[in-house]
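One structure below.
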Amino acid sequence: MANPNPNPNLNPNVIFIFLLITMTVTTQATPPPHCKDSGPTKPLIPLISFLEKLQETALVTYGNNVGFDPKLYVDVSLKADLRDTMEAFVGLPRSSNGSVSVGVLEEFMEKWLNEAGSDLVYVEPVDYLAVPKGFLENVENLDVRRWALEVHSLWRNLSRKVDDGVKENPELHTLLPLPETVIVPGARFREVYYWDSYWVIRGLLVSKMYETAKGIVYNLISMIDEYGFVLNGARAYYSNRSQPPLLCAMVSDIYNRTGDLEFVKRSLPSLLKEYKFWNSGIHKVKIQDARGHNHTLSRYYAMWNKPRPESSTIVLCYYSNHSDLTTLSTTSIVPVDLNAYILQMELNIATLARTIGDKNITDFFLKASEARQTAMNSVFWNAKQGQWLDYWLNSTNPCEEVVHKWDAQNQNQNIFASNFIPLWIDSFNSDEVTVETVTKSLGSSGLVCAAGIATSLTNSGQQWDFPNGWAPLQHMIVEGLARSSSEEAKSMAEDIAVRWIRTNYAAYKKTGTMHEKYDVRACGEYGGGGEYIPQTGFGWSNGVVLAFLEEFGWPQDREIDC
């Protein structure tokens, strides 16, 4: 049987999901009775449809140059109601090809629209201290310590609250009215993002900012209350998709630092609701292994079948001739990393339920975690490569109740950093034999470079590919290796962390900022590629550096310069 992936050299789990649909998933647990092969879709609200038209006009007006950012045009808010704004827009003078002059478009935007990001206002975090008590006591090198305090201070720069006007007139905004203080990633990312928030929280915990961390969780829980799941980000155009489900890990890490049982009790019902979302309907996949045993795993699924509103013009212009990307089907993939996150969710829920004395929930989720671990080893594990490999389905019709028969040819044989994410989970990093096998595989994979772990070995020019390294992947793999009992794994973990800290430090000293991603080929170089210019700020990079410094420290005599 042929591999259903039309281009197995691409990273289906990272590039396609992030680049084209940004880890999209459906908002319904089960498809409607008359669902089509493409699955259910959720139409955009009228405001977003209008802003997409504005985005298209702006692209024609300004041209698709380096400075053009389509997201800007769906992040603006209206000064008047949508009907009047649309009438004014339709009435703009246009040339024969339908374009609007720069002056006319800018005059329209100034009169009718508020600047992107103006509906978020700065707020001082309630628990921020310039030098927190007990902050990184194992960082002995004074240069590194001064830099770490500068990174810590960035939480103030990224702290925001949603303006009251969003709550009073939500129909004028794509921004969602979150109840608590938010920490944004930075630059063009002016709103809260789901999985970014996990590493933001890890950094906040190092910074002793426990109340701010809890507020982030409560914001994400508010999305579950409203939509039934955590959105990709806090914008109306993200209402048909999510991101890697790490809310439970956030709750668990905060509880481990604070011992706040009331926080656990308040959070647990929402965690159970999110778990159901990821493990029912069109997210659920059944696969029968080579021995005839059935297993249940999860996949991403979007309630959307068109380009993302925040970058639709770029996708249509840039990718229309790139069949290697656009022919991929995310719903064909049963991803290693998603199922690792859900396994972590099962283990965390079991532990959290035990802390509040709920034996039934604890027992249920312990059994669920055992079943998922068995499923991951049966479907994803490749003994020859010493890695877990994504699995490709032959049928993706969401209306079919199919038990897919496992075939070795359907494992994606290519090497991606996401193949090693299961190391982050205690169920796997506690197995010394597995850890040593995977450590050797990682060491010989070609992914470990001079300044960190590359996302893949494919140099496609896209941001979720070689030579870029991203903070979340560094952190999960390093933390998994460090938690094991293998000395070889622990040594590799510290070596990678040191490389990553050094490249972050060097880039910061050159540019004065933290970056969204880094070029792992050389120390001190930040990354590029993809559909927008490199971003600075930057939430998860800040969090991972602080977490690494807390974990490994920095001796006085260890050099920090490249």
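A quick note: this is a predicted structure, and the numbers were derived from the prediction, not measured.
Using a 30° and 60° split on the angle between ring planes, Phe277 and Phe229 fall in the parallel class, below 30°. Relative ring orientation between His475 and Tyr198 is described as tilted, the plane-to-plane angle lying within the 30° to 60° band.
Here the CD1 atom belonging to Ile221 is positioned 12.5 Å from the CG atom belonging to Leu178, to the nearest 0.5 angstrom. Rounding to the nearest 0.5 Å places CG of Asp519 at 9.0 Å from SG of Cys449. Taken from CG in Leu268 to SG in Cys248, the straight-line distance is 8.0 Å, to the nearest 0.5 Å. One distance of note links CZ of Phe416 with CG of Leu457; it measures 8.5 Å at 0.5 Å rounding. Atom CG of residue Asn232 and atom CD of residue Glu310 lie 7.0 Å apart, to the nearest 0.5 angstrom. Here the straight-line distance linking atom CD1 of Ile501 with atom CH2 of Trp554 works out to 5.0 Å at 0.5 Å rounding.
You'll find the side chain of Leu352 stays beyond 4.5 Å of the side chain of Ile356, heavy atoms only. Residues Leu442 and Met492 are in side-chain contact: their nearest non-hydrogen atoms beyond the backbone lie under 4.5 Å apart. Between Gln463 and Glu516, some side-chain heavy-atom pair lies under the 4.5 Å cut-off. Side-chain contact check for Ile287 versus Lys405: every heavy-atom pair is 4.5 Å or farther apart. When side chains are defined from C-beta on, Ile224 counts as touching Leu247, because their heavy atoms get closer than 4.5 Å. Side-chain contact check for Gln373 versus Asn377: some heavy-atom pair is nearer than 4.5 Å.
Counted by atom type alone, Trp500 and Gln474 present zero donor-acceptor pairs between their side chains at under 3.5 Å. In the model, Asn459 has no side-chain atom that pairs as donor or acceptor with a side-chain atom of Asp465 under 3.5 Å. Between Tyr238 and Tyr193, the side chains place a donor N or O and an acceptor N or O closer than 3.5 Å (distance only, hydrogens not considered). Under the 3.5 Å distance criterion, with hydrogens and angles disregarded, no donor-acceptor pair is assigned to the side chains of Arg202 and Asn542. Side-chain N/O atoms of Asn382 and Gln387 include no donor and acceptor closer than 3.5 Å. If you check the side chains of His404 and Asn394, you find no donor sitting under 3.5 Å from an acceptor. Thr536 and His515 share no donor-acceptor pair across their side chains, judged by distance under 3.5 Å alone. Side-chain contact of Thr212 with Trp155: a donor-acceptor pair under 3.5 Å is absent, judged by distance alone.
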* Check step by step if side-chain hydrogen bond (donor to acceptor under 3.5 Å, both in side chains) holds for Thr439 and Glu488. => CA-CA 8 Å; Thr439 300; Glu488 181 183 359; 6.0 Å; no

* Full working for salt bridge (Lys or Arg N to Asp or Glu O under 4.0 Å) between Glu436 and Lys440 -> CA-CA 6 Å; Glu436 290 180 351; Lys440 288 182 174 63; 5.1 Å; no

* Apply side-chain hydrogen bond (donor to acceptor under 3.5 Å, both in side chains) to Asn294 and Gln288, showing your working. => CA-CA 4 Å; Asn294 289 348; Gln288 185 178 97; 3.2 Å; yes

* Step by step, work out the salt bridge (Lys or Arg N to Asp or Glu O under 4.0 Å) result for Arg257 and Glu550. => CA-CA 14 Å; Arg257 295 285 184 124; Glu550 181 180 59; 2.7 Å; yes

* Go through the steps for Trp388 and Phe428 under the test ring pair (Phe, Tyr, Trp, His ring centres under 6.0 Å), then give the verdict. => CA-CA 11 Å; Trp388 296 269; Phe428 294 112; 5.1 Å; yes

* Chi angles and distances behind the side-chain hydrogen bond (donor to acceptor under 3.5 Å, both in side chains) call for Arg499, Asn504 -> CA-CA 9 Å; Arg499 298 184 195 197; Asn504 279 242; over 6 Å; no

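Side-chain N or O atoms of Tyr300 include none that pairs as donor or acceptor with a backbone N or O of Ser242 at under 3.5 Å. Looking at Ser441, its side chain does come within 3.5 Å of a backbone N or O of Gln385 through a donor-acceptor pair. No donor-acceptor pair under 3.5 Å is formed between the side chain of Trp424 and the backbone N or O of Tyr341.
A 6.0 Å sphere centred on OH of Tyr526 holds no more than 12 heavy atoms belonging to other residues, nucleotides or ligands. Within 6.0 Å of the NZ atom in Lys273, the count of heavy atoms belonging to other residues, nucleotides or ligands exceeds 12.
A cation-pi contact links Arg266 to Tyr218, judged by a cut-off of 6.0 Å to the six-membered ring centre and 45° from its axis.
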